[in-house]
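Here is the structure we will look at, set down as structure tokens.
Note on naming: letters A, B, ... go to the chains in the order of the sequence lines (proteins, then strands), and numbering restarts at 1 for each one.
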Amino acid sequence: MEIAQVATIAGKEFWDRIRNRWVLAVAAVFTVFALAIAYFGGAQQGAVGFRSIEFTIASLVSLVIYLIPLIALVLGFDAIVGERERGSLDLLLSMPITRFELLLGKYLGLAGALAFSTVAGFGLVALVLATQLELGALLHYFGFMLSSVLLGMAFLSLAVMVSVFAADRTRASGMAIALWFFFVLVFDLLLLGALVVTSGQYGGEIFPYLLLANPADVFRILNIFSLEDVRTLYGLATVFPAALAEPWLLGLVMLGWIAAPLAIATWRFRK
Amino acid sequence: MASISPDAARTAPPPVITARQVVKHYGRVHAVDGVDLDIAQGELFGLIGHNGAGKSTLFKMMLGLIPPTSGEIRIAGTAVTGKGFRAVRRRVGYLPENVVLYENLTGLETLQFFAQLKGVTHPACPAVLERVGLTHAAKRRVREYSKGMRQRLGFAQALLGKPQILFLDEPTNGLDPEAIREFYAILRALRAEGVTVVLTSHILSEIQERVDRLAIMATGKIRAVGTVQALREQMDLPLWIDLRIAPSDLEAVRTALGQLPVSAIEAHDDHVSVRCARDAKMAVIEALAALDGRVLDLHVREPSLEDVFFGFSD
């Protein structure tokens with residue numbers, strides 16, 4: 001593999017997103033949402049103003065779990081199929097570059113743009129909150145930011161895979177939306193349904209492992225379990241064994257979710 | 001496949017592009033069906049054929065973009081599907097049909113992007129833009145470019161890194177006549193430097209004066225390869241003799257040619273066109289000369305490449 005080729009493609013994708021203000025727009029969305037949640041999240045309870053980092057992160061997790069997968073899928077769904085449909089793919093592939101290098105470069109460039117937006121958007125909020133937070137709370141917040149980046153990378157990887165498999169952009173967008181529905185909306189309902197139908201007789205042992213089969217759930221567990229107060233709030237502690245809740249282990253699962261779709265995409269793209 | 005070899009006697013340089021029994025099937029469609037081809041270094045080679053004849057598929061296989069179902073293509077001695085082909089790609093330029101470039105980049109940025117991929121340094125880009133006459137538009141975005149300018153930029157991209165082999169698919173699409181002339185001037189200069197050029201064109205009259213040799217493709221097969229003149233002779237198409245006479249002399253002309261193998265006589269006022277077999281040409285001209293100056297002017301029209309082309313591809 002030639003790193004220079006990967007870097008050229010990645011650089012173009014990244015700067016394209018900077019130049020068309022995609023990065024700026026997404027970062028602004030994150031900042032505005034995070035600030036709104038931090039300061040007005042408790043308005044229903046009659047309180048306005050920053051309450052606690054636990055409360056803020058728990059609310060942000062619920063938001064990010066919908067938003068970031070969607071943004072990542074929209075960002076990546078036409079990475080390859082878009083070039084193919086426009087007719088620029090043949091020229092790219094006639095260059096001294098392998099298909100893997102092209103795919104990896106596309107992924108890394110888009111991932112860089114998404115990570116940059118996420119870190120800049122939420123990081124700005126951290127700066128605003130910094131004076132009101134202790135070191136521990138800040139670390140929790142950084143943990144949330146890091147896991148948000150990982151969540152974005154995982155769904156971006158799925159999006160790039162879609163962009164290789166789809167015959168055209170329309171189908172790719174359909175597949176991307178279907179993935180979003182499945183992982184973000186349907187997956188947990190299915191698990192819950194299965195648990196209820198079997199009266200919890202079989203679910204006990206497999207259930208936590210099945211949660212690992214969804215990057216969105218991995219993200220939720222990563223954040224919820226790092227906060228003692230919130231864990232009991234969500235009632236997840238009863239079903240999720242502490243042994244699996246190790247951040248490094250969940251982090252590894254997330255990396256697997258980044259690597260696996262890319263590997264499948266590479267295999268398919270080479271064919 | 002017809003083989004014509006007036007130029008085989010010429011001590012030809014070794015082929016830089018070779019195709020051996022190349023086949024490409026898409027399901028039951030035989031897009032390319034057993035192609036053998038040798039293209040020598042420094043040759044300006046034309047590939048012509050109808051849409052769907054298999055030209056673009058053959059082109060893409062030559063560039064290693066799609067693998068052949070069977071057979072082998074070698075460029076500069078390296079199999080296009082092999083691992084060593086990346087090194088060859090640095091010396092190959094490609095202009096796809098209807099080239100699509102990135103709308104959001106400027107002309108110069110476009111070249112710099114492709115230069116990086118080809119391992120060419122950025123300072124080389126302005127000179128290439130100059131060569132295709134786009135210096136004035138270097139800092140404008142491609143979305144503001146006309147069709148002709150995009151085509152020039154696509155050509156510029158193919159010229160990056162002093163390629164030894166150029167694959168140009170319909171390169172003069174969208175160019176005005178002046179630009180077409182400039183384009184072929186660049187090709188001639190490149191050929192003089194030993195660059196091999198393979199191009200397709202649907203404007204046959206344009207290609208016929210400019211290529212060294214050409215191949216005619218139809219239904220996935222190469223029907224004929226050779227110089228334009230060799231193909232004409234091999235096809236043995238009738239030629240036209242155009243005359244100018246006084247309209248009142250038409251009957252005299254008809255009578256004079258009455259015993260000769262003339263297949264058609266078409267008259268429009270004082271212009272008369274006579275169609276005859278190639279080997280009857282001198283007999284017809286002598287018969288016309290014997291009309292005591294009644295023929296005011298005479299011009300022999302060779303079959304065009306279109307005629308040759310349709311002769312081979314039908």
Point to revise | Stepwise side chain to side chain donor-acceptor pair (under 3.5 Å) test for N20(A) and N104(B) | key: CA-CA 9 Å; N20(A) 68 13; N104(B) 60 326; over 6 Å; no
Point to revise | Over 12 foreign heavy atoms within 6.0 Å of NZ, K162(B) | key: no
Check your understanding: Which of the residues R89(B), E97(B), R90(B) is involved in the greatest number of heavy-atom pairs with chain A at under 4.5 angstrom?
Key -> R89(B)
Review point. Tell me, do R86(B) and Q5(A) make a side-chain contact under 4.5 Å, heavy atoms counted?
Key: yes
**Study point:** W22(A) atom CH2, neighbour heavy-atom count above 12 within 6.0 Å
**Key:** yes
Check your understanding: Are any of the side-chain heavy atoms of F113(B) and I9(A) separated by less than 4.5 Å?
Key -> yes
**Study point:** Salt bridge present between K118(B) and E2(A) (N-O < 4.0 angstrom)
**Key:** no
Check your understanding: Do other residues, nucleotides or ligands put more than 12 heavy atoms under 6.0 Å from the CD atom of E103(B)?
Key -> yes
Exercise for review: Could you please spell out the steps behind the side chain to side chain contact (heavy atoms under 4.5 Å, CB included) verdict for D16(A) and L105(B)?
Suggested key: CA-CA 9 Å; D16(A) 278 355; L105(B) 300 184; 4.2 Å; yes
Review point. At what distance, to the nearest 0.5 angstrom, does NZ of K12(A) lie from OG1 of T110(B)?
Key: 8.5 Å
Point to revise | Engaged part of V99(B) at the chain A interface, taking heavy atoms whose separation is under 4.5 Å | key: side chain
Check your understanding: By a 4.5 Å heavy-atom criterion (distance strictly below it), what part of Q157(B) contacts chain A: side chain, backbone, both, or neither?
Key -> side chain
Check your understanding: Does NZ belonging to K55(B) count more than 12 external heavy atoms closer than 6.0 Å?
Key -> yes
Point to revise | Basic-acidic side-chain contact under 4.0 Å: E109(B), R19(A) | key: yes
Exercise for review: State whether the number of non-hydrogen atoms from other residues, nucleotides or ligands found under 6.0 Å of R86(A) atom CZ is greater than 12.
Suggested key: yes
Practice item. For atom CZ of F187(A), decide whether the heavy atoms of other residues, nucleotides or ligands shown that lie under 6.0 angstrom number more than 12. Key: yes
Revision key, fill the gap. Of L91(A), L102(A), T8(A), the one forming a side chain to side chain contact (heavy atoms under 4.5 Å, CB included) with L117(B) is T8(A)
Practice item. Locate the shortest heavy-atom distance separating S94(A) from L65(B); write the atom from each residue and the value. Key: N-CD2, 3.6 Å
**Study point:** chain A contact via I66(B) - side chain, backbone, both or neither, heavy atoms under 4.5 Å
**Key:** neither
Review point. If we only count heavy atoms from C-beta on, is the E83(A) to Y102(B) side-chain gap below 4.5 Å?
Key: yes
Exercise for review: Nearest 0.5 Å please: distance from the OG1 atom of T98(A) over to the NZ atom of K83(B).
Suggested key: 9.0 Å
